[in-house]
There are 2 protein chains.
Amino acid sequence: MDPQRPQVTLRMLADRLGLHVSTVSRALHAKPEEGRRAASSATIARIRELADELGYQPNPHATSLRTQRSNLVGVLVPRLSDLVLATVYEGIQEAARAQGLSTFVTNTKDEPDTQRAQTEMMLARRVDGLIFGDARADGALLAETAARGVPFVLVSRHVAGHTSVTCDDPLGGRQAAEHLLGLGHRDFAVIAGEPYASTGIDRTRGFLERCAEDGVTVPPDRIVHSAFDARGGREAADRVLDTSGPQPTALFAVNDFAAIGAMGALRDRGLSPGQDIAVVGFNDTPLAAELPIPLTSIRSPMHEMGRRGLDLLTRLLAGEPAPSERLAPTLVVRASSDRPPRS
Amino acid sequence: MDPQRPQVTLRMLADRLGLHVSTVSRALHAKPEEGRRAASSATIARIRELADELGYQPNPHATSLRTQRSNLVGVLVPRLSDLVLATVYEGIQEAARAQGLSTFVTNTKDEPDTQRAQTEMMLARRVDGLIFGDARADGALLAETAARGVPFVLVSRHVAGHTSVTCDDPLGGRQAAEHLLGLGHRDFAVIAGEPYASTGIDRTRGFLERCAEDGVTVPPDRIVHSAFDARGGREAADRVLDTSGPQPTALFAVNDFAAIGAMGALRDRGLSPGQDIAVVGFNDTPLAAELPIPLTSIRSPMHEMGRRGLDLLTRLLAGEPAPSERLAPTLVVRASSDRPPRS
DNA sequence: GCAAGATACCCAAACGTTTGGCCCAATCGT
DNA sequence: ACGATTGGGCCAAACGTTTGGGTATCTTGC
């Protein structure tokens, strides 16, 4: 099976150099700043040289076993096939690599049972800490996990009482409202995402608050929950548009994919997004700018969120304080909402 | 930091039961079918009970160190934020979990240097095997890796001489051509993807071959390479449409996202996809059906590809034969290509 | 009643590190 | 010249498993 994979060990290096394995170990770890050096600089050089030559790579299992630290972090996301979380994870991974950490990632589909099972699985793998990208406003998993003394942070979504890195979602919602109000819109519909996700909740709340400041209210039947994907957006839009009475002139979806699905639903009714009805999405997915009708969206720093999330976790692991962070979103206006409401 | 995380070990169980640690170990592994039992059934029951009660989880580092097997597989993909590969990875992970394996995944951005570095990183982590989702037709990394005796399989893309699970891409290309030819189209453009990816190469080849069978040829300046995302598709479409002479009546993009970008470019020129020019994509991404103009696409079994890929790898790890597989694509017709060319 | 199997365990080594101590020789201070 | 320091390195234990080999005790066949 493995014709030639004789892994190089410390002992091999030691034997070949006539040194003790502990000396080699110390030499390879010795930071120059250390007071008491592990060996003479000449010996250290010899050791380093041989290690490079033979391509020595420390066995991480042995190291973890000995040090009781795995340098592994577990990441839980609803789905990796959701571009938003995939991008957040890319940020996490990038930051992790910079710190010499590796990451396990797994899908939980936003199902509490799966979340719990995967959390256990991660702990069984002896991760040093966890990053939840799928925190639910309801549910007790986070509290229990915290009670067990497991270090973790949340990204993308937040839950009171736990460290998190999120987009300033209320602000994002406000920006969307401000933009549409500025164009003269007064009749809105909101596709609000899943009811258990703080992202959807906060974006919707911010939107409604800003509307209220201008004396505009959005009737409850114009605010519908939805999955965070295109199909969810289409279905939600269908539900909203099926209600009787005057149609909205603008639609805010808390997620770009939901917005895309909604645009499909609009088209099916002969409404042209951007002409007959304004549409604003959220996240400013790379796709948004390239769509046939480019989508106005609130850009959220997804990648950055991941990086900060991991940085917070390492701070937590080091016993340092790790205050939650909220990253600012920015409005990006495109053709799907660049004109006032019709007549 | 860790208030209460006293990990349960074999020794704890053993001590508490007055048994030897090896007895406990055997008892917990004993498959009923084993001939020589590890202990009396009463003892085994006692052990199992206590293990459950205390929530014993074997330390994977200790196990890996001892058995020289990590039960880890490394997965390399161009980008996880590419929905196609993210979905393939979901399949891999699902199959891995079923086998008690865990997966590391990492982005290589299709850059040879990064691919090499990440391969090393995976091996340093002592993965049992690798799955490449980013194999390049050029380059020597695969050959070198094989020469080192590292077990691996390819998914999504193939390279001669290595085990792989792919979509039958030539067939998919043919299906696209057949569909468009059947509608009466004769003037084609092809957005062919990256030149080093077998997916793009094979899909394009299949398409052209099928055309040739009907005596239709696609001029070289109508076949353009592109990145596998919306922006790449838009740019490629712009290039194709900027060429002088009569415009094509149908466009085949080897990837849904490229197709979406292309539709944007068409719109910018006042061409209506589905009306003025037929568009066919590839992969049948969930988005395709929900777009404002639903996209005809060749459905590829992305999830399944991942599962099979992992299954092949485990077969390889078990020393069994692991022949390459090619999964069948299917055509899904939608509004972007459901009518004959204009006059 | 006794050799031959089973049965039910225990022993100990090994996987590759890390790390607190220890030891020897050379250097230093005075 | 001699005790103290220090530089350079060795020793051994430990992390938690797995596993090839024991060794008593109990059956069993005859």
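Here is how names work: the chains are called A, B, and so on, in the same order as the sequence lines, proteins then strands, and each is numbered from 1.
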Problem set entry | ring pair (Phe, Tyr, Trp, His ring centres under 6.0 Å) contacts touching residues 91-110 of chain B (sequence neighbours left out) | A:Phe104-B:Phe104
Exercise. Whole-Å distance between D:dT17 P and B:Gln57 CD?
Worked result: 11 Å
Problem set entry | Nearest-angstrom distance from the residue atom CG of B:Leu65 to C1' of D:dT19 | 14 Å
For this session: Could you tell me the separation between the CZ atom of B:Arg69 and the C1' atom of D:dG16, rounded to a whole number of Å?
Result: 19 Å
Exercise. Is B:Thr43 touching bases, backbone alone, or none of the nucleic acid, heavy atoms closer than 4.0 Å?
Worked result: sugar-phosphate
Seminar exercise, completed: In whole angstroms, the gap separating C1' of C:dA8 from CG of B:Leu19 amounts to 10 Å
For this session: Assess whether atom CD of B:Glu49 is packed by more than 12 heavy atoms of other residues, nucleotides or ligands within 6.0 Å.
Result: no
Problem set entry | Plane angle bin for B:Phe152 and B:His162 - parallel if under 30°, tilted between 30 and 60°, otherwise perpendicular | tilted
Problem set entry | Atom-to-atom span, CG of B:Leu13 to P of C:dC9 - whole angstrom | 15 Å
For this session: Find the distance between OG (B:Ser64) and NE2 (A:His61) and round it off to the nearest 0.5 Å.
Result: 4.0 Å
Problem set entry | Pairwise distance OG1(A:Thr108) to CZ(A:Phe132) - rounded to 0.5 angstrom | 9.0 Å
Problem set entry | N/O (side chain, B:Gln68) to phosphate O (OP1/OP2, C:dG16) under 4.0 Å | yes
All N/O contacts under 3.5 Å from nucleotides 11-14 of chain C to the protein, with atom names and distances to one decimal?
{"residue": "C:dC11", "atom": "N4", "partner": "B:Ser22", "partner atom": "OG", "Å": "2.9"}

Exercise. Taking for each residue the nucleotide of DNA chain C bearing the nearest heavy atom, is the 5' side occupied by B:Gly18 or by A:Leu10?
Worked result: B:Gly18
Exercise. Say you draw a straight line from SG of A:Cys167 to CD of A:Glu325; how long is it, rounded to the nearest 0.5 Å?
Worked result: 13.0 Å
Exercise. When the distance from CZ of B:Arg11 to P of D:dC15 is rounded to whole Å, what number comes out?
Worked result: 8 Å
Exercise. Nearest 0.5 Å, what's the CE-OG distance between B:Met302 and A:Ser81?
Worked result: 8.5 Å
Exercise. Can you check the B:Ile44 CD1 to C:dA8 P distance for me, whole Å?
Worked result: 9 Å
Problem set entry | Between C:dG16 (P) and A:Leu28 (CG): distance, integer Å | 16 Å
For this session: Give B:Thr67 one of three labels, base, sugar-phosphate or nothing, depending on what nucleic acid heavy atoms sit under 4.0 Å from its own.
Result: sugar-phosphate
